[in-house]
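What follows is a short report on a single structure.
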Number of protein chains: 2
Amino acid sequence: MSDKTNTEKAYRLLREDIVSGRLAPDLKLKIEMLRQRYSLGASPIREALARLSGEHLVTLEGQRGCQVAPMSINDAHDIGRMRKMIEAEALRLAIPAGNQSWEDTVITSFHRLERVERRSDQGVDDLAEWEILNGRFHQALVSACGSPWLLRIRSLLFDQHERYRRLSRMRTVLTRDINEEHRRLMEAALDRDAEEAVKIIEVHVERTTDAVVDALQQNSDMAVSLVAS
Amino acid sequence: MSDKTNTEKAYRLLREDIVSGRLAPDLKLKIEMLRQRYSLGASPIREALARLSGEHLVTLEGQRGCQVAPMSINDAHDIGRMRKMIEAEALRLAIPAGNQSWEDTVITSFHRLERVERRSDQGVDDLAEWEILNGRFHQALVSACGSPWLLRIRSLLFDQHERYRRLSRMRTVLTRDINEEHRRLMEAALDRDAEEAVKIIEVHVERTTDAVVDALQQNSDMAVSLVAS
DNA sequence: GCCTATTAAAATATCGATATTTTTAACTGT
DNA sequence: ACAGTTAAAAATATCGATATTTTAATAGGC
């Protein structure tokens, strides 16, 4: 791997396990357990956890260790609303400012994403790949916005949203033509029609949020019915 | 102090020293130096640095330690613009939503701030106090917005802006009637006039950014002339 | 039975020592 | 003088051991 240090390795592995849901929300993250899971020492793991707490992927309480950051329907709505606002603003700035190499990156990342989205037999491995390519496409669209802080905040919200997105993705793939949404987004961007692109991204994010909330609601209904039975 | 652990203490002290400028931008943060500065062990300091890197107050490169995050005129503009946008949105949500206890907090924090701002003989200690009370007042105004993520992002940008603000504050106090700006902000909020409050906060943030950029420009001119001489 | 106090176990936080890597300094031959 | 090489010093990263705190278990009193 390309990790210079064990701290970076721990950071990368932990992050991936949290965002993907392999480490469930609210799970107590005991050092000893993580030490064994990743075959790393305690120090690198502690530092990785400290870093992740700065990104709000883990909560950290003095003398009481840490947990995977909680997830909730309210939080899903909140993140969705914020992401919608920030993505829209970034597009408004990026689309008029994009140059030739921006166009190239948008087109390339779209086509790489499309290849996976159009594939008929999507296995579990493809989903991990889809997340990466989807992230790159959205990143490419806003990359020309000229504001490092806007990009940073966008990236933060995108990653948080991804955690929720993964919950509902299996169903989403069946009921939504995401590739079509992405195509229209790319076309509006290349036509330099910022307001059209903003409308599309807003609906895009809203739909994702709705799907996530549906999935969460179903889960919590399940939990309730299990407790009741 | 109320630090449960040494890591928290290191985090608090380091953060304060970076935001206040006592640790200059780009300064190499060597563990041994910090160990002596704060009389703490290496582990708590390393963890505090990892956390601060998550907040973009220090940069962190594998095997090569860390530095205080750089400052630049471009960055000042960027943060100012983002902060303006986020504060405005937060006020738009908070003002219609605020209840009685929100009003109380706004009024109380305003008066505590005013007491310091109206004091004729402002010493160095007062400036540290002013920063705290100013932060609490702005925090109080938006606290009712109902969006934890909006508040989090606002707080991040506010703190980053504070780093820059401190550069220009000495002069700002002389040329701007900040207390008057704060008073008008509070009155618009209590009148539930969100759009008026947004206008005021936008100008408020813009003026701060302009003052900061002026100060930075002057500094970099100085640096150039020193090199030239 | 239930609450509280005491103790045992587990987990976190932190130190000191060591291994690794980077940076600095000295050296060599051209 | 200078580029390239090597050795020494400094700094970072990491481990293992220990101290401290929290959590769990247990026993005693009401």
Side-chain angles (χ1 to χ4, degrees), chain A residues 1-19 21-71 227, chain B residues 1-18 21-71:
Chain A
M1 281 300 137
S2 68
D3 300 308
K4 284 217 165 106
T5 67
N6 282 356
T7 298
E8 283 172 33
K9 192 168 164 190
Y11 172 78
R12 189 173 49 77
L13 292 171
L14 260 168
R15 192 174 208 291
E16 177 58 23
D17 278 351
I18 291 170
V19 171
R22 281 190 292 275
L23 292 173
D26 297 303
L27 180 69
K28 184 83 200 295
L29 293 170
K30 293 177 197 164
I31 303 292
E32 184 54 31
M33 158 210 173
L34 298 174
R35 249 178 59 86
Q36 302 195 350
R37 184 183 180 100
Y38 303 122
S39 303
L40 290 169
S43 311
I45 286 171
R46 288 183 61 84
E47 280 180 41
L49 289 170
R51 244 173 101 184
L52 288 166
S53 83
E55 299 178 36
H56 299 281
L57 283 170
V58 316
T59 64
L60 175 45
E61 198 179 353
Q63 299 285 25
R64 255 178 251 174
C66 25
Q67 302 170 238
V68 178
M71 289 173 85
V227 169
Chain B
M1 279 300 135
S2 67
D3 301 308
K4 285 216 163 107
T5 68
N6 282 355
T7 298
E8 282 172 34
K9 193 169 165 192
Y11 172 77
R12 190 175 48 77
L13 292 171
L14 259 168
R15 192 172 209 293
E16 176 59 22
D17 277 351
I18 291 171
R22 281 190 292 276
L23 293 173
D26 297 303
L27 180 70
K28 184 81 200 294
L29 292 171
K30 292 177 197 164
I31 304 291
E32 185 53 31
M33 159 210 174
L34 297 174
R35 249 177 60 84
Q36 302 193 352
R37 184 183 179 101
Y38 303 122
S39 304
L40 290 169
S43 312
I45 286 172
R46 288 184 60 84
E47 280 180 41
L49 288 170
R51 243 172 103 184
L52 289 166
S53 83
E55 298 178 36
H56 299 281
L57 283 170
V58 315
T59 64
L60 176 45
E61 198 179 354
Q63 298 285 23
R64 255 178 250 173
C66 25
Q67 300 170 240
V68 178
M71 289 173 85

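Just so we're on the same page: letters track the sequence lines, and every chain starts at 1. Since the model is a prediction, treat every value here as computed from it, not as a measurement.
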Considering only nitrogen or oxygen atoms on both sides, find all protein atoms under 3.5 Å from nucleotides 12-16 of chain C and state each distance.
| residue | atom | partner | partner atom | Å |
| --- | --- | --- | --- | --- |
| C:dT12 | OP2 | A:Ile31 | N | 3.4 |
| C:dA13 | OP1 | A:Gln63 | N | 2.8 |
| C:dA13 | OP2 | A:Arg46 | NH1 | 2.8 |
| C:dA13 | OP2 | A:Arg46 | NH2 | 3.0 |
| C:dT14 | OP1 | B:Asn6 | N | 2.3 |
| C:dT14 | OP2 | B:Thr7 | N | 3.2 |
| C:dT14 | OP2 | B:Thr7 | OG1 | 2.9 |
| C:dC15 | OP2 | B:Gly41 | N | 3.3 |
| C:dC15 | N4 | B:Ser43 | OG | 3.4 |

Can you tell if the side chain of [X] reaches within under 4.5 Å of the side chain of [Y], non-hydrogen atoms only?
{"X": "A:Glu47", "Y": "B:Leu60", "value": "no"}
{"X": "B:Leu49", "Y": "B:Leu34", "value": "yes"}
{"X": "B:Pro44", "Y": "B:Thr5", "value": "no"}
{"X": "A:Arg22", "Y": "A:Glu16", "value": "yes"}

Can you list every ring-ring contact (aromatic ring centres under 6.0 Å, His included) pair that touches residues 38-57 of chain A, not counting sequence neighbours?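 Residue pairs with at least one partner in residues 38-57 of chain A: A:His56-B:Trp149.
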